[in-house]
Each structure stands twice: as C-alpha cells, then as structure tokens.
2 protein chains.
Amino acid sequence: MELDSGIGVPANIAAAWGLRERPGKGPKPGLTLDGIVAAGIRVAAADGIGAVSMSRVAAEAGASTMALYRYVRAKDELLELMMDAAIGDPPPIAPDAGWRAALTAWAWACRELYLAQPWTLRVPISGPPATPHQLAWMDAGLTALADTRLREEEKLSIVLLFSMYVRNEATVAVDMQAAVEAVDTSLDEAIATYGKLLRLLVDPARFPALARVIEAGVLDRADEPYEEFVFGLERILDGVGLLIAQRAGS
Amino acid sequence: MELDSGIGVPANIAAAWGLRERPGKGPKPGLTLDGIVAAGIRVAAADGIGAVSMSRVAAEAGASTMALYRYVRAKDELLELMMDAAIGDPPPIAPDAGWRAALTAWAWACRELYLAQPWTLRVPISGPPATPHQLAWMDAGLTALADTRLREEEKLSIVLLFSMYVRNEATVAVDMQAAVEAVDTSLDEAIATYGKLLRLLVDPARFPALARVIEAGVLDRADEPYEEFVFGLERILDGVGLLIAQRAGS
DNA sequence: CGTTTCTGTGTACGTTATACGCAGCACTAG
DNA sequence: CTAGTGCTGCGTATAACGTACACAGAAACG
C-alpha cells in the first residue's frame, strides 16, 4: 500500500489501486480518472462494450478522444478500471452459518452482479486477479471456507473453481438473453427453436445419446433461467463437501 | 440432413454442415470452403486469432480479400467454420469402464485439444452448440453417462458443466502460458512474481483470509500445470457421483 | 447465340486505436 | 518577478480492419 513506488507493480494494477503520481506542475487536470471510468461504464451499460470506443467515452466524459490518454495508458487499462469499479465490494460473508451457505451466498451475489452488468462478462481477462475489488471478492470467498480444515492451497483452488463457474454460467445466461432479445421472442420459444434445429440435424444413428436427450423433450421448453445455475452449483458444492468431510475426518 | 432447404437452419450452421447450394451456372469456383478454412487455421495456429484478418487469410489461400466473401457470409462465419474443423471428432468413448473413467477421458481429450490449438479458445462463442463436431463431442459426453440412471435432462446439464469447466481451465492455462512466454520467463518465476505482488498489495487487516493464503506460501511456486485441472475435475466428478448414486438408489 | 448468373477483384468507406506535435497553463528555481 | 519546465487538452495523421458495391469476364441454360 505505502510502497507505491515499488517498481514491480504493473502499470494497470497501479492505476487500479489509485497510486498514480500526478505531480503538481502543469495545468490543473480537467478530468478525473474516476470520471472517465464512470463515463465508460455509462456507455457500456447503455450500449454494451462494443460501443466503448475511446472517442465515445471521451464524448461522454465531455472531452476529446486524445485527452483520455493523459489518464489511461491504453484502452485495455480503461476496461480493467471499469471492470474493477463495476464489481465493487462483495457483501459481508458470515462463515458461522456454515461454509456451504456462505459459498452459496457468495456465488449468488457474484452472479447477480454479472447479470446486472452484462458488459463486465465481455471484458477480456487480462491476467490473474490483482485489482482491489477482485481481491476483495477472493477474500470473501476464502472467508467462507475459513472454518474448514482445508489446506490454504485447496481453499484458493475452490474459490477459483466457483469464481470460474459463476462467471461462465452468467455468460451463458446473458448470451441467451441477448439472443432472445435480438430475435424479439421468448426464452421458451428460443429453446424450442433450438430443439427443432437439433431434431433436424441430429441423425439418431450417428448421435444416439444426443438423440435420446432430444427425444426426451429436454429442449422443448426452457427451465427457469436460474435452475441450470443451481444444478451445477449444487454438484460442485457436493464435491467440495466431500473433500471438506475428508479433511475434517483425518 | 436431407432437408437442407429447411428455412429454419441459420446460415452459419448450414455452412458448417456443408449444405450450401452452389448451382452450376457461373464460372468454376477457384477456391473451396475447406481450403479457406484450412488457410484460416494455418494463420491462427501460426500467429493467433489476432492475426486472422480477411486479407491475411485470403493471402494464405492465394486469393484476394474479397474473394472470401463468395464462400463465407462474414468473418464470424469463417471463425465458426475454423472452430468446427479444429475440434474434429472426439475419441471413442467406452461407458463400459464406468461413467467416471469415461467422463475423465472425455475431459482430458477435450483439454488436450484446446491446449494443442490455443486459438480455439479465443474464438467468441456465437450460440448454442450446433455444428457437426460440437454435437459429436456432446454425444460422446452423453455416451459416457449412458449407463447411469440420470434423467436425460441431468445428463445434458452435466456434460455442459464439464464442457464449460474444461474450456475454462484450458483458457487459464493458455493465458498463463502466453503471459510466461511474453516475459520470457519460467512458470515458477511468474507465479512467484505474482505472489510478491500480492504480498505488496494485500493488507492483512483488510483481506485476512487472502493474507493467510499468501503467508502459507501457496503462491511462491507453481504446481504442475495439470494439477489445478485435476483438482477441479475431481471435485465435480465427486459431486456428480453423489447424484448418480442417489438416482441409482431410488 | 443471347441471357443469365455466378466468379474474382479493385476501390471506397467508415471505424478503430493510438503516435506525434503543438499551444497554452501552473508551478518552481533563481 | 521572471524564466523555465513539464504538464494539460487537443487536432491531425496513420495503419489496419470488415465489408458494401460495382465491374469484367466465364460458364451454363434457353
């Protein structure tokens, strides 16, 4: 924290932590990093990351395109800052209620955050988590496992596993939502259309197992959007539970 | 298959299935779709998807940029075709050895495929699986679960869960590999650098659980690259195993 | 043989990120 | 108080991108 002049800190990470020395020599800056990031988030929320171009953000922030480069090294850095600002701090985690309840709450909170700001899922990941809010979420996830006898290494792996899972499931949900909106139809109808397509394409002789799934009518109607999420979440929680029980027993 | 004139089949899917009517009226085509796709794959394999531009692929295929558009509706479609060609057919799955062994083999095969062709991970997913090889992989995964008493719906969810997991874990592995190569260092060193960075940034008062992980030395050295993959895979397999046992019991 | 329809290609347009240079401002050294 | 210096915002310029469009020519059909 104090060692902001540590040479080892990559530039984009440093920016995310707010350690950017701006010596008071030249004219007063007319913009602020936070303002630019907020402008970027406004654009992304309104029209998706596809609309987040430097010129568009600059217009939203009330400046010229090139002015942004006085605050941000490149577009990637802006995106990373937007991401960090968007995810914010995790809700408080109480491991007293048990690791399973705590991790479940963590996962749901994470999912809601993604669904509320779908553009965050389109920001390309640029490295291991190192921005303040990313670390805060990791800490929260680890806290959920604090009372178990897992090895620290295992806790980290598990949190990453869940983090990955939630992110992916949210991506799928958002993609489906986007596809549905693009054709202006209902979720049920979209699934049914997909089912019909597969019925057309899948030769039962070539893909017998898949044909059985289709014949069972799985793709004729849509589940509630969160049911798929719950299913996978429960499986992984079960698997982790086994390991926790094993470690507790030894 | 035969109903290629089905109006419901999206254009890109139709292309992937090879149903594209090219009536014999005009001059003989000088290129082939397969040739173009192969050229695209050659470019991607050599220099990554970033290098896959229409002009570059055209040059590789020995034609002008715009010639590609006689075979491909847009760049997205080309990428989808490249993807489908790259994943190929899954290895034969023998559920006789048990669902767990079969799913494990499936997951490893899938992972190897991603690692061998890292660019496939950067191709944006454009919809639910519908190309021939994608469906073949799905069928193979479902076959692994064929002898269980799971509901068809559950089988599908489980295969998607694994598919997602493998894809993500491979993405992380490839990203790490790329980062390591970019700085021209070793994996161990890269992890250690990350550990040092976190030691610098993480205030134990603010992120106690995370600080404990770091203090435990988890980030001082790298595991074998596949260990993280195995860990998550085993957890999910365990979780799925619980459900299978439950369904078998009832 | 004309007509039709498809082929490959060149040109042109709109966007993108961003390197560079300039004019002016605010602070610091003298 | 007065240079000087290093920062500010900005306009211009460049290179690359996907692709719409128009055109010349080739092959098949009537």
Side-chain angles (χ1 to χ4, degrees), chain A residues 11-12 14-15 19-37 39-40 43-44 46-83 119 122-124 126, chain B residues 11-12 14-15 19-37 39-40 43-44 46-83 119 122-124 126:
Chain A
N12 38 356
L19 1 128
R20 189 87 115 197
E21 309 163 14
R22 207 175 269 276
K25 202 62 175 302
K28 290 270 188 286
L31 301 174
T32 60
L33 225 194
D34 289 344
I36 293 173
V37 170
V43 171
D47 297 338
I49 23 151
V52 178
S53 68
M54 296 304 268
S55 65
R56 176 78 187 275
V57 173
E60 180 76 24
S64 84
T65 305
M66 295 311 291
L68 301 192
Y69 286 92
R70 297 287 174 196
Y71 300 82
V72 153
R73 188 165 299 236
K75 192 190 179 185
D76 290 358
E77 191 174 294
L78 173 60
L79 288 177
E80 200 160 346
L81 293 171
M82 285 168 55
M83 183 75 182
W119 59 267
R122 320 282 190 179
V123 175
S126 53
Chain B
N12 38 355
L19 2 129
R20 189 88 114 196
E21 308 165 15
R22 207 175 270 275
K25 203 59 176 305
K28 289 268 187 289
L31 301 175
T32 60
L33 226 195
D34 289 345
I36 293 173
V37 169
V43 172
D47 297 338
I49 20 152
V52 178
S53 68
M54 296 305 268
S55 65
R56 176 80 187 274
V57 173
E60 181 76 24
S64 82
T65 305
M66 294 312 291
L68 302 192
Y69 286 92
R70 297 286 174 199
Y71 300 81
V72 154
R73 187 164 298 237
K75 191 190 179 185
D76 290 358
E77 192 175 293
L78 172 59
L79 289 177
E80 200 159 345
L81 293 172
M82 286 168 54
M83 184 75 183
W119 58 268
R122 320 281 190 179
V123 175
S126 53

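Chain letters run A, B, ... following the sequence lines, proteins first, then strands; residues in each count from 1.
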A:P29 has its side chain closest, among D:dG9, C:dT7, D:dT19, to D:dG9
By nearest-nucleotide position on DNA chain D, the 5'-leaning member of B:R73 and A:A67 is A:A67
Atom CE of B:M54 and atom C1' of D:dA20 are separated, to the nearest Å, by 13 Å
B:R70 has its side chain closest, among D:dT19, C:dT7, C:dA17, to C:dT7
The answer to which of A:T65 and B:L31 contacts DNA chain C further toward the 5' end, by nearest nucleotide, is B:L31
To the nearest angstrom, the CG-P distance between B:D76 and D:dC17 comes to 16 Å
Correct closest heavy-atom pair for B:S64 and B:A58 would be O-CB, 3.4 Å
Whole-Å distance, A:K75 NZ to C:dT15 C1', equals 11 Å
By nearest-nucleotide position on DNA chain C, the 5'-leaning member of A:S55 and B:A63 is B:A63
All heavy atoms of A:Y71 vs all of A:P29, minimum pair found to be OH-CB, 3.3 Å
Please tabulate, one pair per line, each protein N/O and nucleotide N/O from nucleotides 26-30 of chain D that are separated by under 3.5 Å, including the distance.
from: D:dA27; atom 1: N3; to: B:K25; atom 2: O; distance (Å): 3.3
from: D:dA28; atom 1: OP1; to: B:K28; atom 2: NZ; distance (Å): 2.6
from: D:dA28; atom 1: O4'; to: B:K25; atom 2: O; distance (Å): 3.4

On a heavy-atom basis, the closest approach of A:E77 and A:A15 is OE2-CB, 3.7 Å
Does the side chain of A:L79 reach to within under 4.5 Å of the side chain of A:I49, using non-hydrogen atoms? yes
Side-chain atoms of A:S53 come closest, of C:dT18, C:dT16, C:dG10, to C:dT16
note: B:Y71, atom OH; D:dG18, atom P; distance rounded to Å ~ 19 Å
Of the candidates C:dA17, C:dA19, D:dC17, the side chain of A:M66 sits closest to C:dA19
Of all heavy-atom pairs linking A:A44 and A:M82, the shortest is CB-CE, 3.9 Å
Item to complete: Taking only the side-chain nitrogens and oxygens of B:Y69, find out if one of them lies under 4.0 Å from OP1 or OP2 of C:dT9.
Response: no
ask   = Considering only heavy atoms from C-beta outward, does the side chain of A:M54 approach that of A:L78 to under 4.5 Å?
value = yes
B:E21 CD to C:dT7 P, in whole Å, measures 13 Å
Rounded to whole Å, CZ of A:R56 lies from P of C:dA17 at a distance of 12 Å
Check your understanding: Within a strict 4.5 Å, meaning less than it, do heavy atoms of the B:D76 and B:N12 side chains meet?
Key -> no
